[in-house]
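Only one structure is covered here, and it is reproduced in the block below.
Letters go in sequence order (proteins before strands), and every chain restarts at 1. When reading the values below, keep in mind they use all heavy atoms of this one structure, side chains included, and skip hydrogens, waters and symmetry mates.
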Amino acid sequence: MIRVQREDFDVGAELARLAEGDRAVGGVACFVGLVRDMAGAAPIGAMTLEHYPGMTEKKLAEIEAEANRRWDLAASLIVHRYGRLEPGERIVLVATASAHRDAALESCRFLIDWLKTQAPFWKLEETRDGARWVAARDSDDTAAERWVAE
Amino acid sequence: MIRVQREDFDVGAELARLAEGDRAVGGVACFVGLVRDMAGAAPIGAMTLEHYPGMTEKKLAEIEAEANRRWDLAASLIVHRYGRLEPGERIVLVATASAHRDAALESCRFLIDWLKTQAPFWKLEETRDGARWVAARDSDDTAAERWVAE
Amino acid sequence: MKVLYFAWLRSRVGTGAEDVTPPAGVTTVGGLLDWLATRGPGHAAALANRDVVRVAVNQEYVGPDHPVRPGDEVALFPPVTGG
Amino acid sequence: MKVLYFAWLRSRVGTGAEDVTPPAGVTTVGGLLDWLATRGPGHAAALANRDVVRVAVNQEYVGPDHPVRPGDEVALFPPVTGG
């Protein structure tokens, strides 16, 4: 399942619903991304996440489908927020459930790596020197590329 | 932090407490291990986790300390249950928080891989044919060994 | 044809969306970007460095040789930074 | 010297813990296991296949050549299966 929303999410409730009652699940892996109060050396007051409605949902659904092709998952979930977020606030949740821990852990990592380079979101940071668009990191491409070779 | 306990734990509450108020945290990774209702082709009624009190806490603390040496973590947590558990029940939680998602994801995986081969726990499964001790899996050693080479 | 701009491309162009009718000779993404860049100083600034402009046609990532047709939804944006 | 048994080693030996006083010639883990195996049929069965017996002395994993001394806590158990 994928969701794109302005509101916060409850990690415990989301994980409890994931594959609820499926007793073939041996492992649940999750990753939560949070707004940091620093970007390099500069303090951040807040950030605004812009996205491309329509394409965002399409790409997230594709990424989730690809994870389910590569691994035998009982359930998977991507929740990504947009709008203005302050330091400490949750941005994104990815979670996977599988009979086996390897599948859960690997696919969780795949989802967040792939999402970072494929899903059309852009971060605008508010700093003391004004607002600025975050530049993409080469390390994100590198993290995503390791999944291409496989 | 490490905890060895008979009682269940609340994943949402544990994650909320992890590095609470630390706004330098950019990512939280977690893994939850659950009791499956099948072991291979045989249905499981329940399992009992035995452990070695004293050594368990010592090894978990060592594993956690090693993760904190290898990665720059804001917080880490291992909660492992013992006693009788039924299918669907939580067995173990590992969670890590870091400024960077790579450190959180990698160290989370390290903790669960390493714990599986180092922490003195043993599973006794109840099947229709009686109780039997679970045999260690070679794949667990392989998963742990990939961390030794690094 | 609908053209969408996101993030700093939107700020520089001055709008998030516009309906355009490029001349008949514009048949590819690369040709469209060349033509859009002539529409004003904001457009020119936004499209000055093509290395940092990503393009999606009908919500799929495409390269400069991809065809564009009347009715397409073309989105221009910088490399993504979500997650 | 305190000897602890876990999982199926405990079941086979018939107890989870015993205080033992091995002869003076028993100075290593390997020697201790050889001597323990002579204490009865349960001990012999538990220690028949050393490949599946792990040993901790004072709560640290050790090999067969590790020394054992009076006052040590020696634990014998199968490969671990937690997590």
Side-chain angles (χ1 to χ4, degrees), chain A residues 2 4 31-36 39 47-63 78-83 85 90-94 108-125 130-141 143-144, chain C residues 1-20 28-30 32-33 36-37 41-83:
Chain A
I2 65 137
V4 182
F31 177 81
V32 181
L34 303 158
V35 180
R36 294 170 59 195
M47 67 161 55
T48 300
L49 266 154
E50 180 173 330
H51 77 117
Y52 179 177
M55 183 169 172
T56 305
E57 290 81 357
K58 185 177 178 184
K59 295 312 286 185
L60 293 181
E62 285 175 14
I63 293 162
I78 305 174
V79 184
H80 204 304
R81 296 176 68 190
Y82 62 89
L85 301 173
R90 284 173 279 270
I91 304 169
V92 62
L93 168 69
V94 303
C108 177
R109 177 135 207 194
F110 170 85
L111 287 177
I112 188 68
D113 282 352
W114 212 232
L115 178 161
K116 286 222 169 219
T117 57
Q118 293 289 309
F121 285 96
W122 303 275
K123 289 179 181 137
L124 179 68
E125 290 175 344
R132 65 168 179 217
W133 292 97
V134 174
R137 289 163 57 212
D138 286 342
S139 62
D140 287 335
D141 282 333
Chain C
M1 186 182 299
K2 191 171 185 182
V3 181
L4 306 176
Y5 303 94
F6 292 97
W8 55 257
L9 275 106
R10 177 175 47 71
S11 317
R12 290 192 196 167
V13 169
T15 183
E18 56 183 350
D19 284 306
V20 299
T28 65
V29 163
L32 177 66
L33 267 58
L36 287 170
H43 288 74
L47 297 170
N49 181 3
R50 302 284 170 87
D51 287 346
V52 291
V53 176
R54 298 288 175 270
V55 181
V57 172
N58 300 326
Q59 306 187 352
E60 285 295 337
Y61 289 106
V62 297
D65 298 332
H66 190 84
V68 289
R69 295 187 182 84
D72 279 350
E73 177 177 292
V74 180
L76 311 184
F77 47 78
V80 303
T81 57

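Considering I112(A), L111(A), V79(A), L49(A) in turn, I112(A) is the only one that fulfils the side chain to side chain contact (heavy atoms under 4.5 Å, CB included) rule with V92(A).
Contacts between K58(A) and chain C at a heavy-atom distance below 4.5 Å involve the side chain alone, from C-beta outward. Proximity to chain A is limited to the side chain of R10(C), based on heavy atoms less than 4.5 angstrom apart. Within the 4.5 angstrom heavy-atom criterion, no atom of L124(A) approaches chain C.
Separation of atoms CG (N58(C)) and CE (M55(A)) is listed at 10.5 Å; rounding is to 0.5 Å. Expressed to the nearest 0.5 Å, how far CG of L47(C) lies from CG of L33(C) amounts to 5.0 Å. Distance OH/Y52(A) to CZ/F77(C): 7.0 Å, rounded to 0.5 Å.
Chain C forms the most heavy-atom pairs under 4.5 Å with one residue out of Q118(A), R81(A), R137(A), H51(A), and that residue is Q118(A).
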